[in-house]
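Just passing along the structure, written as structure tokens.
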Amino acid sequence: MNIFRLAGDMTHLLSILVLLLKIYATKSCSGISRKTQDLYAMVFVARYLDLFTDFISVYNSIMKVVFIASSVAIVWCMRYHPMVRRSYDRELDTFRHYFLVGASFALALILHEKFTVQEIFWAFSIYLEAVAILPQLVMLQRSGNVDNLTGQYVFFLGAYRAFYILNWIYRYLTEARFSRWIACISGVVQTALYADFFYYYFIR
Amino acid sequence: KHSSFPKDEL
């Protein structure tokens, strides 16, 4: 664990918790893409299938449970909370996100480290995470305005991506075995999409 | 020791 990864994990956690708490406190999810939230919940569930098979650290296990629980809670609120669901901007959230799921899964079937259920779902989660922000990006461009909640959420997510890239550079320089190009390329694509989002956010 | 990048990350 280096400082960049810890900072990345904490900003990632903050992005999700701030979103969940604000949605719950204000009873509104206006401006938030439910499709992006669906994708993130799928990302965490698919990636953390190793929760019961591979123990890495107490920190890792707790964070995995928190990420799954909080992302599922956001989706639950947006779908089923009687007041929150009324504030959902359905007509602006039009991205066909199931294409992303299908394409990511197809890519995972082709590009993976081993042909096992866990490895394929792990690769799927990496590819899907890289593009999961797209429905939110499209929604932002359609609505044309960034409110505080969306802005903070994307700011923390962008910070998480930036710290993780620094973490990878650090690990690349300090660890002997570092050759997982699947995650690296996907991570760079994901960060580039956030850079686009930031650009749009700042010119507003 | 787990140093298998990036499976030891979140």
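What you see is a predicted model; the values in this text were computed from it and never measured. Basis for what follows: all heavy atoms, side chains included, without hydrogens, waters or symmetry-related copies. Residue numbering restarts at 1 for every chain, and letters A, B, ... go by the order of the sequence lines.
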Identify which part of A/Y48 has an atom lying under 4.5 Å from any heavy atom of chain B, answering side chain, backbone, both or neither.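 When you check distances to chain B, only side chain atoms of A/Y48 fall under 4.5 Å.
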Using non-hydrogen atoms only, which part of A/E113 is less than 4.5 Å away from chain B: side chain, backbone, both, or neither?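 Just its side chain gets close to chain B.
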With a cut-off of 6.0 Å (strictly less than), are more than 12 heavy atoms of other residues, nucleotides or ligands near CZ of A/F198?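 Yes, CZ of A/F198 has more than 12 neighbouring heavy atoms, counting only those of other groups under 6.0 Å.
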Can you check side-chain contact (heavy atoms from CB on, under 4.5 Å) on A/W168 and A/F4, steps first, answer last? CA-CA 9 Å; A/W168 290 351; A/F4 302 115; over 6 Å; no
Please classify the contact of A/E129 with chain B as side chain, backbone, both or neither, using a heavy-atom distance under 4.5 Å. neither
How are the rings of A/H81 and A/W76 set relative to one another: parallel (under 30°), tilted (30 to 60°) or perpendicular (over 60°)?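 It falls in the perpendicular class, over 60°.
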Please determine if A/K22 forms a cation-pi arrangement with A/Y24, meaning its NZ or CZ atom is less than 6.0 Å from the six-membered ring centre and no more than 45° off the ring axis.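 No; the conditions do not both hold, so A/K22 does not lie above the ring face of A/Y24.
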Please flag which part of A/N60 lies under 4.5 Å from any non-hydrogen atom of chain B: side chain, backbone, both or neither. both
